[in-house]
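Working notes, structure below.
A quick note: this is a predicted structure, and the numbers were derived from the prediction, not measured.
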Amino acid sequence: QVQLVESGGGLVQAGGSLRLSCLASGRTYGVTYMGWFRQAPGQEREFVATIKWRDGSTYYADSVKDRFTISRDYAKNTMYLQMNIVKPEDTAVYYCNADQTLSPIDLTAGGDYWGQGTQVTVSS
């Protein structure tokens, strides 16, 4: 089992910045990918970004590319999402995800482990 705890959400003005963190604990040695997903009210959860845990390679949704940066501190078992130039449409609950699949077919699908979510609200 892998436990995930997000932090760093809050209220930010459009054009501003925010950094989310996700602390992983438990059986983290088996994690292959970690990622961020988000869900806005009345919408389905959507992929935001993912990072390969060992080598740090990244992949982003088109909607956040060039504005958001995913990173991780391998030694601290912590993943981050730096959100810059935020827009009102970025408002959502942001979820941390961990995958232990060796070679995921679809990196945007996410793995089995989810955090409880952290609310991000962008005011216009």
- Query: Under the side-chain contact (heavy atoms from CB on, under 4.5 Å) criterion, do Y113 and Q3 qualify, and how do the steps go?
  - Reply: CA-CA 7 Å; Y113 301 101; Q3 292 79 45; over 6 Å; no
- Spacing of CG belonging to N77 relative to CE belonging to M34, to within rounding of 0.5 Å: 8.0 Å
- Query: Is a side-chain donor or acceptor of Q82 paired with a backbone partner of F68 at a separation under 3.5 angstrom?
  - Reply: no
- Item | Same apolar cluster (I L V M F W Y, side chains within < 4.5 Å links), F47/V31 | no
- Heavy-atom donor-acceptor pair, T78 side chain to K76 backbone, under 3.5 Å: yes
- Message: For the CG atom of D90 and the CD1 atom of I85, what is their distance to the nearest 0.5 Å?
- Response: 10.5 Å
- Query: Given the rule in the salt bridge (Lys or Arg N to Asp or Glu O under 4.0 Å) test, do D62 and K65 qualify, once you have shown the distances and angles that lead to the verdict?
  - Reply: CA-CA 5 Å; D62 288 342; K65 199 177 298 183; 3.1 Å; yes
- Within the distance-only criterion (no hydrogens, no angle test), does the side chain of T28 pair as donor or acceptor with the backbone N or O of S25 below 3.5 angstrom? no
- Message: Please check: side-chain N/O of E46 versus main-chain N/O of R38, any donor-acceptor pairing under 3.5 Å?
- Response: no
- Task: Test W114 against R45 for side-chain contact (heavy atoms from CB on, under 4.5 Å), laying out the working first.
- Result: CA-CA 12 Å; W114 296 90; R45 188 162 54 193; 3.6 Å; yes
- Please check if the side chain of D99 supplies one atom and the backbone of T32 the other of a donor-acceptor pair under 3.5 Å. no
- Provide the full list of ring pair (Phe, Tyr, Trp, His ring centres under 6.0 Å) pairs with a residue in residues 11-36, sequence neighbours left out, each pair given once. none
- Query: So, do Q116 and Y95 sit near enough that their side-chain heavy atoms are less than 4.5 Å apart?
  - Reply: no
Please table the atom pairs, donor to acceptor, closer than 3.5 Å between any side-chain atom in residues 8-23 and protein atoms at least two apart or in another chain.
{"unit_1": "S17", "atom_1": "OG", "unit_2": "N84", "atom_2": "OD1", "d": "2.9"}

- Query: Is the backbone of W53 close enough, under 3.5 Å, to the side chain of R72 for a donor and an acceptor to pair up by distance?
  - Reply: yes
- Return yes if some donor-acceptor pair links the side-chain N/O of Y60 with the main-chain N/O of I70 below 3.5 Å, else return no. yes
- Message: According to a hydrophobic-cluster definition based on side-chain heavy atoms being under 4.5 Å apart (Ile, Leu, Val, Met, Phe, Trp, Tyr only), do F37 and Y59 belong together?
- Response: yes
- Message: Are there over 12 heavy-atom neighbours, none belonging to D112, within less than 6.0 Å of that residue's CG?
- Response: no
- Task: Report yes or no: does T91 contribute a side-chain atom to a donor-acceptor pair with the main-chain N or O of V122 at less than 3.5 Å?
- Result: yes
- Message: With a 4.5 Å cut-off on side-chain heavy atoms, are M83 and R67 touching?
- Response: no
- Query: Is it true that V120 and V64 fall in one hydrophobic cluster, defined by side-chain heavy atoms closer than 4.5 Å?
  - Reply: yes
- Item | L81 side, atom CG; T118 side, atom OG1 - distance, nearest 0.5 Å | 11.0 Å
- Task: Give a yes or no on this: more than 12 heavy atoms of other residues, nucleotides or ligands lie within 6.0 Å of atom CG of D66.
- Result: no
- Start with the C-alpha gap between E6 and Y94, add the side-chain angles, then the distance that decides, and say whether side-chain contact (heavy atoms from CB on, under 4.5 Å) holds. CA-CA 8 Å; E6 302 98 334; Y94 283 70; over 6 Å; no
